[in-house]
Amino acid sequence: MPELPEVQTVVSQLKEKIVGKKIKTVWSEWSKAVRPSLVAFKKHSIGARVVGTRRMGKHIIIDLDNQYSLVIHLKMTGHLLVKTDENRENTSFQDPYNQYIHHIITFMDGTTLEFSDMRKFGWMEVIPTVEVESLASIASLGIDALSEKFTLKLFDKMLEKKGKIKIGGLLLNQEIIAGIGNIYRSETLFQAGILPERIALSLSKNERKDLLSSIKKVLKEALKYRGMSDGDFRDTNGEEGLFQKVLGVYGRNGKPCPKCGTILRRIKLGQRSAFFCPLCQS
DNA sequence: ACAATATCCTGCGAGC
DNA sequence: TGCTCGCAGGATATTG
């Protein structure tokens, strides 16, 4: 499930691999996920050159030299593979999770950007670059979890305004903090020693401070590992991230806490699972 | 106005 | 063996 570290990994790799390349063709077998339509997508992207890549929340933005941008959301099982004449036969691309290719953008030099997405929740959209920030799902984004402007003061302000809900729910809300998903909400709360069911407003000054620094720390650490690939995520080389090797609690219910050995537990928060240590977190 | 739930998808593992 | 069922989840739409 691509969250901030996974999406940032993809954006950084794309910057290295496709900037400067000119789009030759666009193919899709699942045009439902292509916005506003496959025809419009082709019209505004074919012939244009990639000038940059960036991340907004969990969105990937690929800026073109024709005043248009491609906006891609990987949702849960989406990932982008960049295949060149040199690496096309690499075994990593043979991974079963890399076989759900629904869209392919081909560049003039033969390089392909392939969008694999088992569950088909992901989408891609072409939009004038000046309108990217007004795209509904981007316009509504809260502060980026790794933004330098995300300070304790701002965190306090958020909690005052939106803090009536459980902290586990608040962390998932992209309109409040952008970039955290189900994995990192459990991990950051574990790092900070806070139970996911705590009402956000009830967090003490110290807990707020601990949670904020845990968010930054865990996300940056995950980024070093190219994200986490418990199931489906793959980077643009088709390779797994490695963060699951250092995970604390996510997906480990019934197993011992890495800090104290207590059996980790799982609860439903909304529709989603949240994992925690009943002893380390309070 | 806010918060909780249903929806989109597919593959996988559990249970019968 | 082969079926059904529940589960996984990001963000939007809908309901409460």
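Keep in mind that the numbers below use all heavy atoms, side chains included, and drop hydrogens, waters and symmetry copies.
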Phosphate-side-chain proximity, A:R119 and C:dA11, N/O vs OP1/OP2 below 4.0 Å
no
Which whole-number value in Å describes the distance from A:E175 CD to B:dA1 C1'?
13 Å
With the side chain defined as heavy atoms from C-beta on, A:Y100 is closest, among B:dG11, C:dA11, C:dT12, to B:dG11
By the 4.0 Å heavy-atom rule, please label A:S273 as base, sugar-phosphate, or nothing.
sugar-phosphate
Figure out the CE/C1' separation between A:M118 and B:dT10, and round it to whole Å.
6 Å
Assert yes or no for the condition that the ring centre distance of A:F276 to A:F190 is strictly below 6.0 Å.
no
Measure from the side-chain N and O atoms of A:E6 to the backbone N and O of A:M228, and report whether any donor-acceptor pair falls under 3.5 Å.
yes
Shortest side-chain distance from A:S137, nucleotide among B:dA3, C:dA11, B:dG11:
C:dA11
CH2 of A:W123 versus C1' of C:dA13: gap in Å, rounded?
16 Å
Is A:K161 touching bases, backbone alone, or none of the nucleic acid, heavy atoms closer than 4.0 Å?
nothing
Touch check for A:K75, heavy atoms < 4.0 angstrom, all strands: base, sugar-phosphate only, or nothing?
base
Specify the separation, in whole Å, of atom CG of A:N182 and atom C1' of C:dA8.
9 Å
So A:R266, base contact, sugar-phosphate only, or nothing? Heavy-atom distance under 4.0 Å.
sugar-phosphate
In whole Å, what is the span from the CD atom of A:E125 to the P atom of C:dT12?
11 Å
Would one find a side-chain N or O of A:H73 under 4.0 angstrom from OP1 or OP2 of C:dG10?
no
Is a side-chain donor-acceptor pair under 3.5 Å present for A:S69 with A:T129?
yes
Between A:E114 and A:R88, does any NZ, NE, NH1 or NH2 come within less than 4.0 Å of an OD or OE carboxylate oxygen?
yes
So which one's nearest nucleotide on DNA chain B is more toward 5', A:K164 or A:R272?
A:K164
In whole angstroms, the gap separating P of B:dA6 from NZ of A:K268 amounts to 12 Å
Take the protein atom CG of A:L74 and the nucleotide atom P of C:dG10, then report the distance between them rounded to whole Å.
12 Å
In whole angstroms, how far is the P atom of C:dA8 from the CG atom of A:N253?
9 Å
Begin with the C-alpha distance, continue with both residues' side-chain angles, and end with the deciding distance and a verdict on side chain to side chain contact (heavy atoms under 4.5 Å, CB included) for A:R49 and A:L64.
CA-CA 5 Å; A:R49 196 177 294 276; A:L64 306 176; over 6 Å; no
As a test of reading the structure: which of C:dT12, B:dA3, C:dG10 is closest to the side chain of A:K58, going by heavy atoms?
C:dG10
